2 protein chains.
Amino acid sequence: MPGSKHFDPEDAIDAVVPLLWRRGWAETGIQDIVDATGLSRSSLYATFGSKHQLSLAALRRYLRDYVDPVVTALDGGGDGLPSIAAFFGRLIKARCWGARARWGCLATAVQLSAQGEDPDVAEILAAQRKHTAKALRDALGRAGELGQLRTDVDTEATVEYLLLLTQGINVRSRDGADVKSLRQAVAAALSAIRAPGSDADTWPQGK
Amino acid sequence: MPGSKHFDPEDAIDAVVPLLWRRGWAETGIQDIVDATGLSRSSLYATFGSKHQLSLAALRRYLRDYVDPVVTALDGGGDGLPSIAAFFGRLIKARCWGARARWGCLATAVQLSAQGEDPDVAEILAAQRKHTAKALRDALGRAGELGQLRTDVDTEATVEYLLLLTQGINVRSRDGADVKSLRQAVAAALSAIRAPGSDADTWPQGK
DNA sequence: ACCGGCCTGGAATCGACGTTCCAACGTATT
DNA sequence: AATACGTTGGAACGTCGATTCCAGGCCGGT
């Protein structure tokens, strides 16, 4: 076919993710995207239509490549409490180690910014929250079946409790909280809902 | 004196706080401020110098008027765990009730936005974090003296744990978490660090 | 080698924003 | 009542953003 694309749009989306993540959605200009992708404005607009749609694609890509891997191992419940501890271990590692340490969570940042009120953005983020909540709920259910949980705590309240910790980590990891403190805090938090006598591991190991 | 101001700058700052809080720092334009204050650009610039400095003043005002009242009762330690529970009760109420319900926390939003990297902003927010952490630490210390705390948890890790909950509430209150879930989650979180046998109240009552 | 289409690069457009400027105004003093 | 000085309102300025336009280029099919 004549006039086929000279580049892979998927690569362009990949290149945009760290821009939004590090500098922010509104703060990232088209020029930044041009520089990062090596493409021209024309090619970007011909391919993605607008900065908004490209940013939406990048947000979805971020969730798929950076958040889902942390959450997905919980789907189905895993082995209960230790799986939940491992989830937090992966989260803390993702937020505090490697090249993207202290970048925080793009989804949380977008949520708290003006973009969070955009209908498309809100839908994407709501779906992600729902997924995370379900995964935690399943894991708590499994933990209950395995007798790892105190019986005097409400499941939904505990889901909320774990979501609070998750978002807390997303925020605190950006402003100086160290890995050790976060891990100890999570271990204390999970020990708190563990059944007396259970020996289920609650230490948030980074995988 | 000839040519005295025809308005009170303090009132102008008060009028700017809800703009930044609801729409965001970068998203609030000078025109929005002109409309909200009823003042002209000239008066604003003559008084505050720049949008940046006016925004800084509004951020300080927000912390003084809306955050300090929630935190300050903890200074000195209060009566330990019940004071901490009351702190969370005030926080949840502030975030979920009244005209500013679901507005989230301006400080957290600014922290996660690009403005969070501005030196002046960073300094203001760091001081606030330090104040909150100290207040929680003092209250935990008092709780320990009163025998309300489990002895197998590290104090600093517990401070971090409470900060995670605080920031979690600031985020989650903005996207659909209801008062009851948040309160139950906090009650569970505080019961978790309470000494076995202690009858200290952990329910986050909104005052 | 030719052709025709879409892709490409860079310049041009259009609007919004922060900031500045200036003439007119109001007030406390004389 | 006249004066003097800072404040005030609104227009004007320059910058930078996203988006669009157009001439030129590249490639597959013939």
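First the proteins, then the strands, lettered A, B, ... as listed; each starts at 1. Computed from a prediction, not measured in an experiment: that's the story for all the values here.
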Enumerate the protein-to-nucleotides 11-17 of chain C contacts in which both atoms are nitrogen or oxygen and the separation is below 3.5 Å.
none

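In this structure, B/Phe7 atom CZ and C/dG26 atom P are separated by 17 Å, rounded to whole Å. Computed from coordinates, the B/Phe48 CZ to C/dG18 P distance equals 16 Å when rounded to whole Å. In this structure, A/Leu44 places its CG atom 10 Å from P of C/dG9, rounding to the nearest Å. For the pair A/Tyr45 OH and C/dG10 C1', the computed distance is 15 Å after rounding to whole Å. Between the CG atom of B/Leu39 and the P atom of D/dG10 there is a distance of 12 Å, given to the nearest Å.
With sequence neighbours excluded, no residue satisfies side-chain contact (heavy atoms from CB on, under 4.5 Å) with B/Ala127. For A/Gln111, the side-chain contact (heavy atoms from CB on, under 4.5 Å) partners at least two apart in sequence or on another chain are A/Leu125, A/Arg129, B/Asp175.
Using a 4.0 Å cut-off on heavy atoms, none of the residues of residues 9-20 of chain B approach DNA chain D.
Around the CZ atom of A/Arg150, the shell of radius 6.0 Å holds more than 12 heavy atoms that belong to other residues, nucleotides or ligands. Shown here is B/Arg22, whose CZ atom has no more than 12 heavy atoms of other residues, nucleotides or ligands within 6.0 Å. The environment of CD in B/Gln31 is crowded: more than 12 heavy-atom neighbours from other residues, nucleotides or ligands sit within 6.0 Å.
Taking 4.0 angstrom as the limit, B/Ser40 places none of its side-chain polar atoms (N or O) nearer than this to OP1 or OP2 of D/dT8.
Among residue pairs with one or both ends in residues 71-103 of chain B, those qualifying as ring-ring contact (aromatic ring centres under 6.0 Å, His included) are B/Trp21-B/Trp103; sequence neighbours excluded. Under the salt bridge (charged side-chain N to carboxylate O under 4.0 Å, His left out) criterion, the residue pairs touching residues 32-44 of chain B are B/Arg23-B/Asp32, with sequence neighbours excluded.
If you check every strand for non-hydrogen atoms under 4.0 Å, A/Ser43 touches sugar and phosphate atoms only.
Of the options B/Leu162, B/Val186, B/Asp79, a side-chain contact (heavy atoms from CB on, under 4.5 Å) to B/Ile84 is made by B/Leu162 and by none of the others.
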